[in-house]
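Data first, discussion second: the structure below is written as structure tokens.
We name chains A, B, ... by the order of the sequence lines, and we start the count at 1 in each one.
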Protein chains: 2
Amino acid sequence: MPVTIKDVARLAGVSPATVSLVLSNKGQVSEETRRKVLEAVQKLGYRPNVLARNLVKGKTRTVLLCAFIREDRKLSTFYGDLINSLLAATSSSGYYLQIVVKGEFFNGHPLDKREALLDIARNRLFEGLFILSHWPVQYPEVSDLVREGFPFVVVNQRVEGDGVSYVDIDHYGGAREAMRYLLEQGHTRIAHIRGPQGHRHAEERYRAYLDALIERGIPIRREYIVEGDFRRLSGREAMERLLETRPLPTAVFCANDKMAIGALQVAKERGIRVHEDLTIFGFDGIEAVKYTDPPIPTVEQPLGELGKVAAEILMERIQGGEGKSVVLPCRLVEWSTV
Amino acid sequence: MPVTIKDVARLAGVSPATVSLVLSNKGQVSEETRRKVLEAVQKLGYRPNVLARNLVKGKTRTVLLCAFIREDRKLSTFYGDLINSLLAATSSSGYYLQIVVKGEFFNGHPLDKREALLDIARNRLFEGLFILSHWPVQYPEVSDLVREGFPFVVVNQRVEGDGVSYVDIDHYGGAREAMRYLLEQGHTRIAHIRGPQGHRHAEERYRAYLDALIERGIPIRREYIVEGDFRRLSGREAMERLLETRPLPTAVFCANDKMAIGALQVAKERGIRVHEDLTIFGFDGIEAVKYTDPPIPTVEQPLGELGKVAAEILMERIQGGEGKSVVLPCRLVEWSTV
DNA sequence: CTTGTAATCTAAACCGTTTTAAGGAGCGTC
DNA sequence: GACGCTCCTTAAAACGGTTTAGATTACAAG
């Protein structure tokens with residue numbers, strides 16, 4: 001039997017309406033009445049039932065982060081910074097953040113993303129939605145949301161189409177940065193440990209690798225391109241393959257840091273002086289590459305910025321704004337040990 | 001003008017009550033009626049207003065993670081695994097997880113944690129609560145929750161008192177493990193880079209260091225104990241101090257991995273063969289220590305387990321159970337590079 | 001033709017707020 | 001004394017569902 005507004009009203013000798021007015025500072029209430037009400041609130045320890053308030057107001061001040069990722073992956077391991085900044089940005093706008101992770105399957109069948117999203121839009125629990133997806137988001141999957149006018153932002157994927165806002169990272173540009181760095185150092189024999197076929201980010205980084213070489217007129221050697229699966233072990237295997245090629249490459253651009261770490265380990269085990277004889281370059285900007293020996297230069301994904309911008313856009317759309325889409329640049333980083 | 005249950009009822013030619021019955025599979029409804037209702041639901045794309053449902057049922061199927069951490073720290077950087085497992089465990093029990101971060105201050109004054117928690121308990125938005133706090137939690141701060149019978153679990157801190165459940169990690173035991181490892185290797189000159197004074201976890205680890213030496217009858221040397229602030233740079237400074245002592249220690253037990261990394265860097269810069277001439281040991285089990293050269297053995301905090309157990313206990317309490325408190329052991333890990 | 005029983009369905013109360021139109025009190029003016 | 005104005009307060013209608021007691025119908029049995 002929690003205390004309700006009626007209890008307060010009774011104790012203060014006024015109507016519930018008056019209590020509501022006092023508590024929300026609306027209408028004109030005499031000092032005397034205000035005092036009585038506040039006293040009663042204090043005495044009873046009354047806190048409004050936010051559920052009821054939300055129902056009548058039709059607002060919840062809550063947004064949802066819906067993450068579509070493979071069940072075996074962990075959301076906040078890679079996206080930790082994103083979550084941090086989403087949390088910070090939404091709460092500073094006075095919104096709460098709820099998080100739900102949806103895998104590829106639901107009740108045994110492939111998850112119907114479209115249905116799931118429609119559910120979210122219609123259940124009235126959320127005023128807005130971040131869609132974070134590991135795999136590409138198709139326009140039809142979000143078209144219902146657009147039609148309903150439900151505010152949402154796609155994070156980390158691009159979805160072209162009217163009425164959809166996304167915030168993405170410029171993987172192609174970042175990879176071009178990496179290549180520019182290596183080329184400026186005079187490397188011409190640059191290998192690439194690429195990510196899995198069909199993975200959009202892997203493809204973009206791969207394309208940047210190719211384009212950079214082509215623009216410089218450097219011939220592309222098939223044997224310098226090895227595919228990994230983004231995990232460290234595959235970086236090791238790839239590096240072993242690369243060390244069999246002749247002439248040896250003088251630099252290896254890895255599609256992510258984990259594989260770069262694996263590559264570094266193999267190179268060192270073989271007695272190669274890394275960065276003197278062979279430069280290894282990563283992608284992502286995970287913590288661990290700061291502390292390898294030597295540290296691995298990399299291209300940092302602005303995950304914090306991603307969340308911040310996504311939140312700004314969502315807030316704007318919630319307030320009825322147009323919204324927009326943004327592609328964020330990566331930043332090249334070289335770590336020192338001091 | 002969203003579709004409501006009344007719209008469905010009108011279209012199906014029945015009463016709202018019947019629609020509700022059909023949708024929740026209660027009461028007895030004729031096949032004919034059921035079909036008509038389902039058809040109307042389908043045609044209108046009706047989704048119940050969960051807000052309204054929650055209000056009448058008095059349940060929300062939502063729990064809150066309330067994190068009290070310093071504003072400048074990032075929740076999911078260190079607690080990423082915890083969040084992952086909380087997310088997984090709550091959702092597998094059919095609950096949603098909402099997260100809110102509260103700093104040390106609110107509107108300029110120190111945050112009144114007690115008031116904040118009471119708010120959460122009374123606003124009826126959540127059925128349960130995880131309290132994650134960087135600094136110690138005092139019993140009076142949660143006593144209101146106990147009195148109200150609001151289900152909650154304190155994570156990563158211990159709070160003794162009737163009716164409170166907590167899940168904590170055995171830092172003392174973990175540090176004893178670390179020391180046992182070093183002592184078994186025959187080390188007698190073991191230094192300690194400790195964490196900040198007054199920090200509970202730092203103190204526990206420090207105490208374990210002392211106790212282990214005392215039990216072995218090894219004299220404690222003041223100059224072998226240096227205080228850091230848990231950051232890498234302070235680990236570097238501490239190591240520099242330690243390298244001035246004579247005789248040199250043969251092992252350094254660091255109160256966390258970050259400082260261990262700093263210590264490792266300095267040792268290598270000075271040409272010390274780490275693990276041959278000087279063993280460095282960490283604490284926490286962060287990703288980066290797997291990939292330093294050499295990898296730093298450490299004691300892993302079971303953050304994933306922490307979340308899992310905390311969720312189990314919270315669910316039990318929500319269902320009216322007694323709840324309990326658990327202290328989880330750490331695990332010693334040595335990484336290989338393969 | 002009653003009566004009883006089971007099968008369906010619905011009216012109406014309820015959940016705890018907010019909001020608004022209208023009611024009443026007090027008071028100065030003409 | 002009637003009128004018009006402020007001020008303050010409240011009754012009542014939402015918000016969109018769930019739940020329950022009881023109405024209605026159909027039908028078999030007596």
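- In this structure, the side chains of A:K113 and A:V137 come closer than 4.5 Å at one or more pairs of heavy atoms.
- For B:D81, there are no side-chain hydrogen bond (donor to acceptor under 3.5 Å, both in side chains) partners, not counting sequence neighbours.
- The interatomic distance linking B:R122 (CZ) with C:dG16 (C1') rounds to 16 Å, in whole Å.
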Inset, instruction - Please assess A:V167 against A:S325 for the test side chain to side chain contact (heavy atoms under 4.5 Å, CB included), listing each intermediate value before the final yes or no. - result: CA-CA 6 Å; A:V167 187; A:S325 292; over 6 Å; no
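- In this model, the phosphate group of C:dC15 is not approached by any side-chain N or O of A:T4 to a distance below 4.0 Å at OP1 or OP2.
- Taking the side chain as every heavy atom from C-beta outward, A:L64 and A:I120 approach each other to under 4.5 Å.
- Sorted by residue number, the members of residues 11-19 of chain A with any non-hydrogen atom under 4.0 Å from DNA chain D read A:V14, A:S15, A:A17, A:T18.
- Checked options B:Q157, B:R200, B:H201; the residue passing with B:D168 is B:R200 (criterion: side chain to side chain donor-acceptor pair (under 3.5 Å)).
- Contact between the side-chain N/O atoms of A:K26 and the OP1/OP2 oxygens of C:dT18 is not found at any separation under 4.0 Å.
- Counting to the nearest Å, the P atom of C:dG16 and the CG atom of B:L125 are 14 Å from each other.
- Rounded to an integer number of Å, the gap from CD1 of A:I5 to P of C:dC15 is 14 Å.
- Per the geometry, CD belonging to B:Q28 stands 8 Å off C1' belonging to C:dA6, to the nearest Å.
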Short N/O separations, protein against nucleotides 26-28 of chain D, under 3.5 angstrom:
none

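- Looking at B:N156 and B:Y166, their side chains never bring a donor and an acceptor atom within 3.5 Å of each other.
- Inspection of the B:S93 and B:T90 side chains reveals no N or O donor paired with an N or O acceptor under 3.5 Å.
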Inset, instruction - Under the side chain to side chain contact (heavy atoms under 4.5 Å, CB included) rule, what do A:E312 and A:K308 come out as? Steps first, then yes or no, please. - result: CA-CA 6 Å; A:E312 281 168 12; A:K308 187 159 155 272; 3.9 Å; yes
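- Between A:S30 and D:dC7, a side-chain N or O to OP1/OP2 separation shorter than 4.0 Å is absent.
- For A:D144, the side-chain hydrogen bond (donor to acceptor under 3.5 Å, both in side chains) partners two or more places apart in sequence, or in a different chain, are A:R114, A:R147.
- Side chain of A:E141 to main chain of A:Q138: a donor-acceptor pair is present (N/O by atom type, distance under 3.5 Å, no hydrogens or angles).
- Checking A:E160 against A:Y139 by side-chain atom types alone, no donor-acceptor pair falls below 3.5 Å.
- Among residues two or more places apart in sequence or in another chain, the side-chain hydrogen bond (donor to acceptor under 3.5 Å, both in side chains) test is passed with A:S76 by B:N84.
- When heavy atoms are screened at a 4.0 angstrom cut-off, A:S20 is found touching base atoms of the nucleic acid.
- Going from atom CD of A:E32 over to atom P of D:dC8 covers 12 Å, rounded to whole Å.
- Rounded to whole Å, the distance from CD on B:E31 to P on C:dC9 is 10 Å.
- Protein atom CZ of B:R124 is 13 Å distant from nucleotide atom P of C:dC15, rounded to whole Å.
- A heavy atom lying under 4.0 Å from DNA chain C marks the following residues of residues 34-61 of chain B, by number: B:L55, B:V56.
- Taking atom CG of residue A:N25 and atom P of nucleotide C:dT18, one finds them 12 Å apart after rounding to whole Å.
- When the nearest nucleotides of DNA chain C are assigned to A:K6 and B:V29 by heavy-atom distance, the more 5′-ward of the two goes with B:V29.
- The residue B:S24 sits apart from the nucleic acid: no heavy atom pair falls under 4.0 Å.
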